[in-house]
Colleague: 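Dropping the structure in here first, questions after.
Chain naming here is simple, since letters A, B, ... match the order of the sequence lines and numbering starts at 1 in each.
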Amino acid sequence: MSVITRFAPSPTGYLHIGGARTALFNWLYARHHGGSFQLRIEDTDRLRSTKEAIDAIFDGLHWLELDPDGEPVYQTSRVDRHVAVADELLANGLAYHCYCSAEELAEMRALAKREGKPVRYDGRWRDRDRSDAPEGVKPTVRFKAPLDGATLLHDLVQGDVKVENAQLDDMVLLRADGTPTYMLSVVVDDHDMEITHVIRGDDHLTNAFRQTQLYRAMSWPLPQFGHLPLIHGPDGSKLSKRHGAIGVAAYREMGFLPEALRNYLLRLGWSHGDDEIISTARAIEWFDLDAVGRSSARIDMQKLGNLNGHYLRETESVRLVGLIAPKIEAVLDQKLRPEHEKLLLRAMPGLKERAKDLNELAESAVFYVRSRPIPLNQKAEKLLNAEARARLAEIAESLSELDPWTEEALEAAIQELAEAWGAKLGKLAQPLRAALTGSNVSPGIYEVLAVLGKSEALDRLRDAAP
RNA sequence: GACCCCAUCGUCUAGAGGUUAGGACUCCACUCUUUCAAGGUGGUAACACGGGUUCGAAUCCCGUUGGGGUCGCCA
């Protein structure tokens with residue numbers, strides 16, 4: 001039987017980083033086994049589900065290049081089927097109507113809590129006759145869960161886990177308004193979609209026991225379960241909004257490459273010996289659930305940044321220019337001209353070596369395409385003292401004869417000048433950098449000179465001359 | 001509180017009875033060098049604690065402590 005996995009987020013907010021990892025693991029597992037990866041939108045909470053959140057999930061997955069196979073399934077489109085299953089359970093005596101009001105249940109919980117007893121539904125309508133039903137109360141449908149024994153789970157990540165059935169109460173299958181609850185919907189949908197492997201967050205582990213009982217009640221084959229440990233914030237606490245970078249879109253805005261985020265997320269909880277840099281092709285080849293750890297992990301932005309820098313350096317220049325062009329245009333408040341894009345393309349090798357993310361890359365590239373005169377930052381200003389400016393004039397003069405205008409030729413020419421003046425190279429290089437880039441930090445100065453081209457470079461030097 | 005899960009450098013992790021406990025990020029030196037990065041070399045840094053089992057435990061068992069998850073007519 002072929003493997004079918006699914007990612008089943010509820011569209012009540014952005015696609016967060018933990019969800020992204022769940023999606024990645026499901027995707028990898030399916031790819032590794034030559035199976036299929038499905039997306040199901042769990043939108044049965046009509047009040048909290050939003051179109052924006054659904055779009056955010058699609059966008060996030062698409063950006064991460066984890067697009068699902070086939071069309072996504074919307075859980076709300078399947079309520080009739082969910083209700084039919086509940087009715088079947090009811091007909092077979094495996095479910096029953098419960099006439100408890102919300103207040104009554106709240107009271108039940110409060111009492112249990114006060115007495116220090118386990119907080120759960122006491123099954124008071126389980127065997128009660130329907131004729132006892134109070135007037136005008138719409139009942140919920142509850143699952144008649146087994147009272148004795150235990151439910152065993154062979155979890156692909158967590159191993160064998162056992163829970164006494166006495167710990168599990170009779171869950172609500174259909175709300176008083178007749179709509180199905182999550183617990184019913186997941187089981188029906190996972191079954192109907194023929195999901196073979198349910199890979200999801202650890203927070204669903206206890207749900208797996210209740211769901212197992214439902215599968216049994218319906219005599220459906222059980223899927224395999226794999227519960228992934230949760231991701232925590234840098235301080236070890238639960239990932240929450242105060243950690244800031246929790247939505248996938250935020251990582252995109254911070255200038256991370258999807259492949260870097262994927263590699264980082266992959267290593268968070270999964271390992272393959274000492275391997276750190278793992279291409280997606282390799283990940284597909286190597287990924288399996290037995291190498292997933294059982295303990296939760298913390299987000300480490302430093303490591304993500306380092307990984308991103310690595311992938312940035314490996315990325316073809318054309319793609320990088322395409323990614324940073326909008327950012328540069330925003331800074332300059334104007335569209336880039338084709339010749340500027342060509343220039344940036346030539347500049348990329350030196351720039352990408354130095355950037356940790358796309359925002360840094362864009363920032364460091366701006367000077368190349370600014371129009372003269374190039375604004376100087378404070379340090380550059382300081383470097384361009386009277387002596388330096390005088391020298392720049394001479395350099396410009398001397399360089400105007402240079403042909404060809406190549407990195408090698410420029411290096412030779414400038415070193416020659418330094419020697420002739422008996423000056424240290426730094427004495428020339430820093431003022432050159434300041435005049436050419438407006439900054440004290442940049443790629444190699446010969447490279448900058450060459451990339452800029454003879455006429456623009458000389459013009460910038462003349463701008464700085466006294 | 002009840003139930004369940006987890007526990008190796010600050011962080012992510014390798015390790016599946018016998019290792020100088022390895023790698024990566026971070027940090028610190030040194031190196032390269034026209035700046036800044038990247039790169040190279042080296043360094044600091046861990047088996048939570050207590051009992052067992054064993055000739056021998058990071059590895060197996062029990063307990064303690066700590067962390068996490070779940071206990072909705074949310075998903």
Colleague: So, does A/S442 get its side chain near the phosphate of B/rC36, meaning an N or O under 4.0 Å from OP1 or OP2?
Modeller: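 Checking A/S442 against B/rC36: no side-chain N or O falls below 4.0 Å of OP1 or OP2.
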Colleague: For nucleotides B/rA21 and B/rU44, find the distance between their P atoms and express it as a whole number of Å.
Modeller: 14 Å
Colleague: Mind checking if A/E42 touches a base, just sugar-phosphate, or nothing, with heavy atoms under 4.0 Å?
Modeller: sugar-phosphate
Colleague: Let me know, please, whether A/Q167 or A/L268 comes out on the 5' side of the other along RNA chain B by nearest nucleotide.
Modeller: A/Q167
Colleague: Output the rounded distance in Å from CG (A/L266) to P (B/rA14).
Modeller: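 After rounding, the reported distance stands at 12 Å.
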Colleague: Whole angstroms only, please: what is the CG-C1' distance between A/D300 and B/rC12?
Modeller: 7 Å
Colleague: Between the side chains of A/D127 and A/Y96, is a donor N or O closer than 3.5 angstrom to an acceptor N or O?
Modeller: no
Colleague: Using the C1' atom in both, what is the distance from B/rA14 to B/rG39, to the nearest Å?
Modeller: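 Pairwise C1' distance, B/rA14 against B/rG39, rounds to 25 Å.
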Colleague: Which base sits across from B/rA48 as a Watson-Crick or G-U pair, both distances under 3.5 Å?
Modeller: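 Partner of B/rA48: B/rU64.
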Colleague: Would you classify A/C100 as touching base, sugar-phosphate or nothing, given that sugar-phosphate means primed atoms plus P, OP1 and OP2, and contacts are heavy atoms under 4.0 Å?
Modeller: base
Colleague: With hydrogens left out and only the distance checked, is there a donor-acceptor pair under 3.5 Å joining A/N207's side chain and the base of B/rA75?
Modeller: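 Checked by distance alone, the answer is yes.
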Colleague: Would you say B/rA14 has OP1 or OP2 under 4.0 Å from some side-chain N or O of A/S271?
Modeller: yes
Colleague: Figure out the NE2/P separation between A/H310 and B/rG39, and round it to whole Å.
Modeller: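 In whole Å, B/rG39 P lies 10 Å from A/H310 NE2.
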Colleague: Taking only side-chain nitrogens and oxygens of A/R294, does any of them come within less than 4.0 Å of OP1 or OP2 of B/rC6?
Modeller: yes
Colleague: Grab the CG-P distance between A/D155 and B/rC6 for me, whole Å please.
Modeller: 10 Å
Colleague: With RNA chain B as reference, determine whether A/D202 or A/T181 sits nearer its 5' end, using the nearest nucleotide of each.
Modeller: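 In this pair, the answer is A/D202.
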Colleague: Measuring only the P atom in each nucleotide, how far is B/rA29 from B/rG22? A whole number of Å is fine.
Modeller: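 These two P atoms come out 24 Å apart once rounded.
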Colleague: Using the P atoms only, state how far B/rG23 lies from B/rG40, rounded to an integer number of Å.
Modeller: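 Between the two P atoms, the distance is 14 Å.
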Colleague: Rounded to whole Å, please give me the gap between CG in A/L205 and P in B/rC3.
Modeller: 15 Å
Colleague: Would one find a side-chain N or O of A/R109 under 4.0 angstrom from OP1 or OP2 of B/rC71?
Modeller: no
Colleague: Determine whether any donor atom in the side chain of A/R354 lies under 3.5 Å from an acceptor atom in the base of B/rC36, or the reverse, and answer yes or no.
Modeller: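 Answer is yes: a donor-acceptor pair is held.
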Colleague: Given the C1' atoms of B/rG72 and B/rC9, what is the spacing between them in whole Å?
Modeller: 42 Å
Colleague: Can you check the A/E353 CD to B/rG40 P distance for me, whole Å?
Modeller: 12 Å
Colleague: Any side-chain donor paired with an acceptor under 3.5 Å for A/R433 and A/Q430?
Modeller: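 Yes, side-chain donor-acceptor contact under 3.5 Å.
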Colleague: Using a cut-off of 4.0 Å on non-hydrogen atoms, how would the nucleic acid contact of A/A297 be classed: base, sugar-phosphate, or nothing?
Modeller: sugar-phosphate
Colleague: So, is the end of the A/R21 side chain (NZ or CZ) under 6.0 Å from the ring centre of A/F25 and within 45° of the ring's axis?
Modeller: yes
Colleague: For B/rC27 and B/rG69, measure between their P atoms and round to the nearest Å.
Modeller: 30 Å
Colleague: Grab the CZ-P distance between A/R298 and B/rU13 for me, whole Å please.
Modeller: 11 Å
Colleague: Heavy atoms under 4.0 Å, any strand shown: does A/T44 hit a base, just sugar-phosphate, or nothing?
Modeller: sugar-phosphate
Colleague: Side chains of A/D189 and A/H82 only: does a donor on one sit below 3.5 Å from an acceptor on the other?
Modeller: yes
Colleague: Salt bridge (charged side-chain N to carboxylate O under 4.0 Å, His left out) with A/D122: which of A/R126, A/R120, A/R124?
Modeller: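 With A/D122 as partner, salt bridge (charged side-chain N to carboxylate O under 4.0 Å, His left out) holds for just one option, A/R124.
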Colleague: From NE2 of A/H232 over to P of B/rG10, roughly how many Å is that when rounded to an integer?
Modeller: 19 Å
Colleague: Testing the 3.5 Å rule here: is there a donor-acceptor pair between the side chains of A/D155 and A/H227?
Modeller: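 Indeed, the side chains of A/D155 and A/H227 share at least one donor-acceptor pair under 3.5 Å.
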Colleague: Distance between the C1' atoms of B/rG18 and B/rA75, in whole angstroms?
Modeller: 50 Å
Colleague: Give none if B/rC3 has no partner; otherwise give the nucleotide forming a Watson-Crick or G-U wobble pair with it, both distances under 3.5 Å.
Modeller: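 Pair assignment: B/rC3 / B/rG69.
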Colleague: So is A/R6 actually on top of A/F37's ring, under 6.0 Å and inside 45° of the axis?
Modeller: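 Judged by the rule (NZ or CZ under 6.0 Å from the ring centre, within 45° of its axis), A/R6 is not positioned above A/F37.
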